[in-house]
Amino acid sequence: MSSPDSGRSATREPVSPNGVGQPAPIKAIRLKHPWRITVAVILVILLALFLIDASQREAYGWDNFGKYIFDKRISQAAGYTLLLTIYSMVIAIVLGITLAVMRLSDNPVVKGVAWLYLWVFRGTPVYVQLVFWGLIATIYSTIDIGIPFTAPWIQFETKNVIDVFWLAVIGLALNEAAYMAEIVRAGILSVDKGQDEAATALGMSWLQTMRRVVIPQAMRIIIPPTGNEVISMLKTTSLVTAVPFSFDLYGRSRDISAVIFDPIPLLLVASAWYLLFTSILMVGQYFLEKRFSRGVGQARPDKKGGTGTGGAETGAVQVATGAIRVDSHGSEHTK
């Protein structure tokens, strides 16, 4: 009498070396997105039509654009714009960290002074603040050094002491510091309180705790908005004409356009330089974010395509139980 399984194939599923059967590979079929492709084609066509139209439109003045894009006056103005951005952001970051620490202080007076600073500089337009700094020599005509309410020991005229360039730097930095203070404060608050307590238990001082424990972890939160603030500062420098300081990129291009009576190509020249600097800053921001985000997120894949030791981010150890091993005679044994 034949066995009921005599007509079945003796071929078994492939077995891995550890005795666990391997499932058949799944053939994945890519989903189709016809509307996505259609929208993309329409956008490309519209962009191409705009570029073709702009290249043939005389109002853009491409001849003057090519003439002044690398003009010496424009390149020098671009340098002033970079200096304004760098100096203002350095001062703003240092002052912003100080204000953030003051906001987190237990001293109500220190906390109140920091809050008052943020209230004033965040609540008034930066253009208005720059106008005030431009009028500082009118408000305070002299700088007196000595004991209050007595004859000054030394007296200087304000307009001879502070240059308009540094007035622009001070005005931009003091405004930006108010925003940097909130960014830094948010980064510090994002670090778990247990980190601070653990550092204190190890005998670290407050300064060591901030420098070695809190700030390095907070940088992951601080870097992205700070990069945005640097890019914003680069463009905000166009407002220093309120001081007035006219040697920046926008001010110089505006002066040249007033001479040649053709403002549009000079606006394009200034925009091209701003786009160049912004692109460089965006690349730098990307690498900084990547540097301070190490160890956060997905686990690193191992050489075999897994997710590292244990196959999971939490370090859980995988244990194979109940595996079935098939010997050469077809008998099944449980490990």
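Applying the side chain to side chain donor-acceptor pair (under 3.5 Å) rule to T98 yields no partners; only residues at least two apart in sequence or on another chain are considered. For I52, the side chain to side chain contact (heavy atoms under 4.5 Å, CB included) partners at least two apart in sequence or on another chain are Q56. Under the rule for a side chain to side chain contact (heavy atoms under 4.5 Å, CB included), the partners of I45 that lie at least two apart in sequence or sit in another chain are V41, L49. Remark: S55 pairs with no residue by the side chain to side chain contact (heavy atoms under 4.5 Å, CB included) rule, at least two apart or across chains. When the side chain to side chain contact (heavy atoms under 4.5 Å, CB included) test is applied to I139, the partners found at least two apart in sequence or on another chain are F132. Applying the side chain to side chain donor-acceptor pair (under 3.5 Å) rule to T124 yields the partners Q129; only residues at least two apart in sequence or on another chain are considered. Applying the side chain to side chain donor-acceptor pair (under 3.5 Å) rule to D192 yields no partners; only residues at least two apart in sequence or on another chain are considered.
Here the closest non-hydrogen pair linking S257 and P263 is CB-CA, 3.5 Å. Of all the heavy atoms in K111 and S105, the pair that sits closest is CE-O, 3.0 Å. In terms of heavy-atom proximity, A92 sits nearest to A173 at CB-O, 3.6 Å. The two residues L172 and S88 have their closest heavy-atom pair at CB-OG, 3.5 Å.
For residues 28-40, no residue pair satisfies the salt bridge (charged side-chain N to carboxylate O under 4.0 Å, His left out) rule, not counting sequence neighbours. Under the side-chain hydrogen bond (donor to acceptor under 3.5 Å, both in side chains) criterion, the residue pairs touching residues 228-248 are T241-R254, with sequence neighbours excluded.
Rounded to the nearest 0.5 angstrom, I162 CD1 and I136 CD1 are separated by 7.0 Å. For the atom pair CG of L99 and CZ of F121, the computed distance is 9.5 Å after rounding to the nearest 0.5 Å. Going from atom CG of N175 over to atom OH of Y127 covers 14.5 Å, rounded to the nearest 0.5 Å. The structure places OG1 of T226 at 8.5 Å from CD of E176, a figure rounded to the nearest 0.5 Å.
By the 4.5 Å heavy-atom criterion applied to side chains, L104 and L189 are counted as neighbours. Between W166 and Y87 there is a side-chain heavy-atom pair separated by less than 4.5 Å. Contact of the L51 side chain with the L47 side chain is registered, since non-hydrogen atoms from C-beta on lie closer than 4.5 Å. Side-chain atoms of W119 and L116, non-hydrogen and from C-beta on, do get closer than 4.5 Å to each other. Between F165 and L84 there is a side-chain heavy-atom pair separated by less than 4.5 Å. With contacts defined as side-chain heavy-atom distances shorter than 4.5 Å, the pair V240/V164 does not qualify. Residues K290 and Y286 form a side-chain contact, since some pair of their non-hydrogen atoms from C-beta on lies under 4.5 Å apart. The shortest distance between side-chain heavy atoms of S253 and V269 does not fall below 4.5 Å.
If you chain together hydrophobic residues whose side chains sit under 4.5 Å apart, I221 and I231 never meet in one group. Residues M233 and V283 are members of separate hydrophobic clusters, defined by side-chain heavy-atom contacts under 4.5 angstrom among Ile, Leu, Val, Met, Phe, Trp and Tyr. Under a hydrophobic clustering in which Ile, Leu, Val, Met, Phe, Trp and Tyr are joined whenever their side-chain heavy atoms come within less than 4.5 Å, directly or via other members, I91 and V94 fall into different clusters. Under a hydrophobic clustering in which Ile, Leu, Val, Met, Phe, Trp and Tyr are joined whenever their side-chain heavy atoms come within less than 4.5 Å, directly or via other members, F287 and L234 fall into different clusters. Tracing side-chain contacts under 4.5 Å through hydrophobic residues (I, L, V, M, F, W, Y), one never reaches L202 starting from M210; they form parts of separate clusters.
Around CZ of F65, the count of heavy atoms belonging to other residues, nucleotides or ligands within 6.0 Å exceeds 12.
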*Are Y68 and D262 close enough, and set up right, to give a side chain to side chain contact (heavy atoms under 4.5 Å, CB included), and what steps lead you there?*
CA-CA 12 Å; Y68 290 103; D262 196 4; over 6 Å; no
Enumerate donor-acceptor pairs with a distance under 3.5 Å from any side-chain N or O in residues 72-79 to protein atoms, sequence neighbours excluded.
| unit_1 | atom_1 | unit_2 | atom_2 | d |
| --- | --- | --- | --- | --- |
| R73 | NE | D71 | OD2 | 3.1 |
| S75 | OG | D71 | O | 3.4 |
| S75 | OG | K72 | O | 2.8 |

Validation: residues 273-282 side-chain donor-acceptor distances under 3.5 Å, sequence neighbours left out:
| unit_1 | atom_1 | unit_2 | atom_2 | d |
| --- | --- | --- | --- | --- |
| W273 | NE1 | I69 | O | 2.9 |
| T278 | OG1 | Y274 | O | 2.7 |
| S279 | OG | L275 | O | 2.7 |

N/O donor-acceptor pairs under 3.5 Å from side chains in residues 177-188, not counting sequence neighbours:
| unit_1 | atom_1 | unit_2 | atom_2 | d |
| --- | --- | --- | --- | --- |
| E182 | OE1 | R185 | NH2 | 2.9 |
| E182 | OE2 | R103 | NH1 | 3.0 |
| E182 | OE2 | R185 | NE | 3.3 |

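Of the residues listed (L267, L266, L239, T81), the one engaging Y250 in a side chain to side chain contact (heavy atoms under 4.5 Å, CB included) is L267, and it is the only one.
Within the 3.5 Å criterion, the main-chain N or O of A54 finds a donor-acceptor partner in the side chain of W62.
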